[in-house]
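To start, the structure under review is shown below, and the notes come after it.
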Amino acid sequence: MSYSLDQAQIWIDLAQQQLYLPQYQRVYAISTGKNGIGEAENSGKTPRGWHRVEQMFGHDAAKNAVFVARQTTGEVYDQELAAQYPQRDWILSRILWLSGLEPEFNQGAGCDTFARYIYIHGTPDTEPMGVPMSHGCIRMRNDDVIELFQCIEAGALVYLSEQALEFPVQTQ
């Protein structure tokens, strides 16, 4: 199966730590895997290549709603909650769960993006963007992931590139 970049509804530039929505000409700062780029399970790396948004969670969730196992916990992230659980990997506001589309690269045994629970999700707004800091997911500011969620439907094509991409608009 072969795709071209103009088919992707979401472009992710791992080199520049940016996510681009071509239909809306919007660019967002992101944060990807602190362990780098790669497809191996248990690596903490962000996968490359063609994906689709397989499932979406948080349609009616509040901004900063806390998710565990793709379910809201009833908590809303704030500094008090952060201090109570300093080691928690915060998944907030919305989740777009990705599924790889390239067999034996990002789909299948040992490298499967979906089985690795790779998401695009919100993170505390105190976390830096533009710097790889995640456990393999694509982190976004909460307002940004909510906006993205409103623009995208399940099944949307996503391309993650380790090479810098030329976006036809400037970063906001």
Side-chain angles (χ1 to χ4, degrees), residues 3-39 43-59 61 63-67 70 77 89-102 105-107 111-114 116-172:
Y3 301 99
S4 64
L5 195 53
D6 64 340
Q7 292 176 282
Q9 285 122 322
I10 301 172
W11 302 0
I12 296 176
D13 183 329
L14 299 169
Q16 296 183 57
Q17 296 290 291
Q18 295 179 327
L19 182 149
Y20 176 57
L21 279 178
Q23 181 179 358
Y24 298 94
Q25 295 191 351
R26 300 278 295 166
V27 179
Y28 305 97
I30 59 170
S31 177
T32 61
K34 66 183 170 191
N35 290 348
I37 299 166
E39 293 67 41
S43 67
K45 297 180 178 184
T46 301
R48 297 163 290 173
W50 287 98
H51 293 79
R52 76 171 161 253
V53 174
E54 191 67 32
Q55 295 181 30
M56 299 171 67
F57 299 89
H59 292 82
K63 178 180 173 182
N64 291 317
V66 176
F67 287 82
R70 296 161 308 285
Y77 179 86
D89 180 24
W90 298 100
I91 298 174
L92 306 177
S93 298
R94 303 289 185 274
I95 298 171
L96 294 88
W97 190 357
L98 302 181
S99 180
L101 296 175
E102 299 177 65
F105 180 64
N106 59 26
Q107 179 188 74
C111 65
D112 197 277
T113 297
F114 189 75
R116 292 179 58 208
Y117 301 97
I118 300 295
Y119 309 144
I120 300 170
H121 67 80
T123 198
D125 288 333
T126 55
E127 291 295 309
M129 290 293 122
V131 179
M133 296 287 293
S134 81
H135 298 160
C137 289
I138 296 96
R139 293 177 176 176
M140 297 181 75
R141 297 264 176 251
N142 290 289
D143 286 336
D144 293 348
V145 78
I146 290 168
E147 184 174 287
L148 171 68
F149 195 93
Q150 292 169 343
C151 295
I152 296 299
E153 295 181 6
L157 281 176
V158 181
Y159 183 66
L160 289 90
S161 175
E162 67 183 312
Q163 304 298 319
L165 297 169
E166 290 292 325
F167 301 143
V169 296
Q170 296 296 317
T171 305
Q172 302 187 48

F67: ring-ring contact (aromatic ring centres under 6.0 Å, His included) partners, not counting sequence neighbours: none
Residue pair S31 / V131: nearest heavy atoms and the distance that separates them: OG-O, 2.5 Å
Salt bridge (charged side-chain N to carboxylate O under 4.0 Å, His left out) contacts touching residues 13-24 (sequence neighbours left out): none
Approximate separation, where rounding is to 0.5 Å, of I120 CD1 and I30 CD1: 8.0 Å
Polar contact flag, side-chain donor to acceptor under 3.5 angstrom, Y28-E147: yes
side-chain contact (heavy atoms from CB on, under 4.5 Å) assessment of I138 paired with L160: CA-CA 10 Å; I138 296 96; L160 289 90; 4.0 Å; yes
For S43 against G38, the heavy-atom pair lying closest together: OG-O, 4.5 Å
Side-chain heavy-atom pair T46, I12 within 4.5 angstrom cut-off: no
Sequence-distant partners of E162, side chain to side chain donor-acceptor pair (under 3.5 Å), two or more places apart: R48
Worked check of ring pair (Phe, Tyr, Trp, His ring centres under 6.0 Å) between F114 and H51: CA-CA 9 Å; F114 189 75; H51 293 79; over 10 Å; no
Side-chain touch V53/F149, heavy atoms, less than 4.5 angstrom: no
Main-chain N/O of P47 paired to E39 side chain as donor or acceptor, under 3.5 Å: no
Distance, nearest 0.5 Å, that separates OG of S134 from CD of E127: 10.5 Å
Non-hydrogen side-chain atoms of L19 and V27 separated by less than 4.5 Å: no
For K34, salt bridge (charged side-chain N to carboxylate O under 4.0 Å, His left out) partners two or more places apart: none
Considering all heavy atoms, the nearest A8-P22 contact: O-CG, 3.5 Å
Side chain R94, main chain N142, donor-acceptor under 3.5 Å: no
Derivation of the side-chain contact (heavy atoms from CB on, under 4.5 Å) call for L165 and Q18: CA-CA 9 Å; L165 297 169; Q18 295 179 327; over 6 Å; no
Straight-line distance of I37 CD1 to S161 OG, nearest 0.5 Å: 8.5 Å
Listed partners of E54 passing side chain to side chain donor-acceptor pair (under 3.5 Å), at least two apart: R52
For D89, side chain to side chain donor-acceptor pair (under 3.5 Å) partners two or more places apart: H135, R139
Residue of the set Y3, W50, Y20 for which side-chain contact (heavy atoms from CB on, under 4.5 Å) holds with Y159: W50
Student check: side-chain heavy atoms of D125 and D143 closer than 4.5 Å: no
Check: Q17/T32 side-chain N/O donor and acceptor closer than 3.5 Å: yes
Sole residue of L96, I95, I91 in side-chain contact (heavy atoms from CB on, under 4.5 Å) with F57: I95
Distance-only donor-acceptor check, side chains Y117 and R70, under 3.5 Å: no
N/O donor-acceptor pair under 3.5 Å between S93 side chain and N64 backbone: yes
Closest approach of G130 to A29 (non-hydrogen atoms, all atoms of both residues): N-CB, 4.5 Å
Exercise: identify the closest heavy-atom pair between G33 and P132: O-CB, 3.4 Å
Side chain to side chain, N106 and I118, heavy atoms closer than 4.5 Å: no
Separation of L148 CG from R141 CZ (nearest 0.5 Å): 15.0 Å
R116 side chain to K45 backbone, donor-acceptor under 3.5 Å: yes
Worked check of side-chain contact (heavy atoms from CB on, under 4.5 Å) between V145 and L92: CA-CA 9 Å; V145 78; L92 306 177; over 6 Å; no
